[in-house]
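Report on the following structure.
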There are 2 protein chains.
Amino acid sequence: MMTVSKIIGARRETLAGEVRSEIERWILAGELEPGQKLNEVALANVMGVSRGTVREAIRSLADSGLIVLVANRGAFVHQLTVDDICNLYDLRGAIFAMGCAAVARRMAGEWDEALIAALQKNLEDMRKAYDRDDRPAYYDLNIAFHDMILAGAQNPKAKGVYDGLVKEMHLFRRRGLSVSPNIAQSINEHANIVAAIAAGDSGAARRAATHHVESGLDRFLKTLSDGSTAEEHPKSDIARSN
Amino acid sequence: MMTVSKIIGARRETLAGEVRSEIERWILAGELEPGQKLNEVALANVMGVSRGTVREAIRSLADSGLIVLVANRGAFVHQLTVDDICNLYDLRGAIFAMGCAAVARRMAGEWDEALIAALQKNLEDMRKAYDRDDRPAYYDLNIAFHDMILAGAQNPKAKGVYDGLVKEMHLFRRRGLSVSPNIAQSINEHANIVAAIAAGDSGAARRAATHHVESGLDRFLKTLSDGSTAEEHPKSDIARSN
DNA sequence: TAAATGTTAAATGTTGACAAAATGAGGCAA
DNA sequence: TTGCCTCATTTTGTCAACATTTAACATTTA
């Protein structure tokens, strides 16, 4: 019987933890589609572990929001509605703004040259990516930018929630919906945030971040209303059972 | 063998869910102290269920932050450091501010007379409680105020995270630390928030909320530095294993 | 005496089996 | 045909037993 392929660099903590990571990867990679039902025995067989272990992994993922549980019916990959996405966007933005404020506040206390340098390098790399119209590079740099801020805020709990939200938002994919961000504007907004942080002005950092988040949501909603055709979004979280 | 006493009003969904609620209640009530180890067999015996069920409940609570898991060693009630509390305070405040902004935004769209009336009644009740120096009533009203805002924001995910944070913050209790809020100031800040919401000004609501949260944290830290004696706070999350 | 090592008891990690609930197919009557 | 009921099958919920790891104690040795 095939055993779960060697997990990357992670020394084994518990089997259930490995199974959890594996299922999470499948979900985020889209191999398990939103709305799809997770069959405990099937997963147990595929991964070569017992059902109880799979069960434990599924429960854990449910608490993180990637999976929805229904008593006596089972587990389903969370299917996000447009409303859900907007809510997640709001929440993620609020945490990001808090992170920016926290970094700025910390910077006002003791200067962290390394972080500022890293943020400015990120800005510079982004401008280069913009010049050569390199979208993939921009995406990665954008994620790195937000990660650096959250890590710099030195608030592990907030970073944990934030990362969870980012994962959950990955669940939302609409056929043919290509988000084309306004890279130039985004870079300017990032620059404003970095400036406020470097100035140690937490209020300004929060405002700049809030503005960045709001304009991002506006662009997203615009793309959505442009791209979405007659096809309506599902009202139920567990519409499709396979 | 004694079975778990009838859960209050909760119709039974799953046994593990009941066990989870029961353990959570014990933790929040302080019957299980921060740092204390949770023994699976002992809990299973006390509650009259199998160890696997207790295990499932514990894992679920761990994901919510009330419990810390250590592989092959077990589960411990999360013991918060002062830093943890500050981080939770920041995060909770950010979500609250977002909630205020969301409510105001919604109010600008379609007027919700019932919510405004409820908020103003809460303010009025708070003033009365202040006049007769009724602290317990103030506490309840304060919690109700924040709950109403979060519920009014119509962002279930945010409300879920917020409620989780509130529970987690309950874990922090210091011997002889009596938080004496500035009720008068707090009421004024609440009034500002309500006014911004009623005006449908999401930016003003966010600012008022942020200000409220920050001054609340300041008061808390002040109380902390006044009340804390030589006794130092634990650096490790799982210092005491019992 | 104190550090290191071997041994034992207890707790957690994992599994397979049984019980209860939900789904779906088939038959029967209107 | 349509609607409803019954029953078999599938799937989840719960439990008890086995395997592995950890922690504490006893023993040995420098």
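In what follows, every chain begins at residue 1, and chains take the letters A, B, ... in the order their sequences are listed. The basis for the numbers below is simple: all heavy atoms, side chains too, and nothing from hydrogens, waters or symmetry mates. The structure presented is a predicted model; accordingly, all values stated were derived computationally and were not measured.
Of the candidates C/dT23, C/dT15, D/dT22, C/dT15 carries the atom nearest the A/T53 side chain, counting heavy atoms from C-beta on. Which of C/dT23, D/dT22, D/dC15 sits closest to the side chain of B/V49 comes down to D/dC15. Comparing D/dT14, C/dA21, C/dT14 against the side chain of B/T14 picks out D/dT14 as the nearest.
Look at CG on A/L69: it is 16 Å from C1' on C/dA22, rounded to the nearest Å. Whole-Å rounding puts the B/F76 CZ to D/dA23 P distance at 8 Å. In this structure, the CZ atom of A/R55 is 16 Å from the C1' atom of C/dG13, given to the nearest Å. Taking atom CG of residue B/L15 and atom C1' of nucleotide D/dT12, one finds them 13 Å apart after rounding to whole Å. We find that CE of B/M47 is positioned 13 Å from P of D/dT14, with the value rounded to whole Å. Per the geometry, CG belonging to B/N72 stands 12 Å off C1' belonging to D/dA19, to the nearest Å. In this structure, B/E40 places its CD atom 14 Å from C1' of D/dT20, rounding to the nearest Å. To the nearest angstrom, P of C/dG13 lies 15 Å from CZ of A/R20.
With a cut-off of 3.5 Å on both Watson-Crick or G-U wobble distances, the partner of C/dC18 is given as D/dG13. Look at D/dC25: its Watson-Crick or wobble partner, with both distances under 3.5 angstrom, is C/dG6.
Ring orientation note: the planes of A/F172 and A/F220 are nearly perpendicular, at an angle over 60° on the 30°/60° scale.
Atoms CG and CG, from B/L38 and B/L61 in turn, are 8.5 Å apart once rounded to the nearest 0.5 Å. One finds the CG atom of B/L43 at 11.5 Å from the CZ atom of B/R51 (value rounded to the nearest 0.5 Å). For the atom pair B/L80 CG and B/M169 CE, the distance stands at 9.0 Å (nearest 0.5 Å).
Both A/A71 and A/G17 lie close to DNA chain C; mapped to their nearest nucleotides by heavy-atom distance, the more 5′-ward contact belongs to A/G17. Nearer to the 5' terminus of DNA chain C, by closest-nucleotide assignment, is the contact made by B/N39 (compared with the other of A/E56 and B/N39).
B/I58 comes within 4.0 angstrom of no nucleic acid atom, judged by non-hydrogen atoms across all strands.
No hydrogens or angles were tested; on distance alone, a donor-acceptor pair under 3.5 Å links the side chain of B/R51 to the base of C/dG13.
Remark: B/R73 is not in phosphate contact with D/dT21, judged by side-chain N or O atoms under 4.0 Å from OP1 or OP2. One finds a side-chain N or O of B/K37 lying less than 4.0 angstrom from the OP1 or OP2 phosphate oxygen of C/dT12.
In the model, B/W26 has no side-chain atom that pairs as donor or acceptor with a side-chain atom of B/E24 under 3.5 Å.
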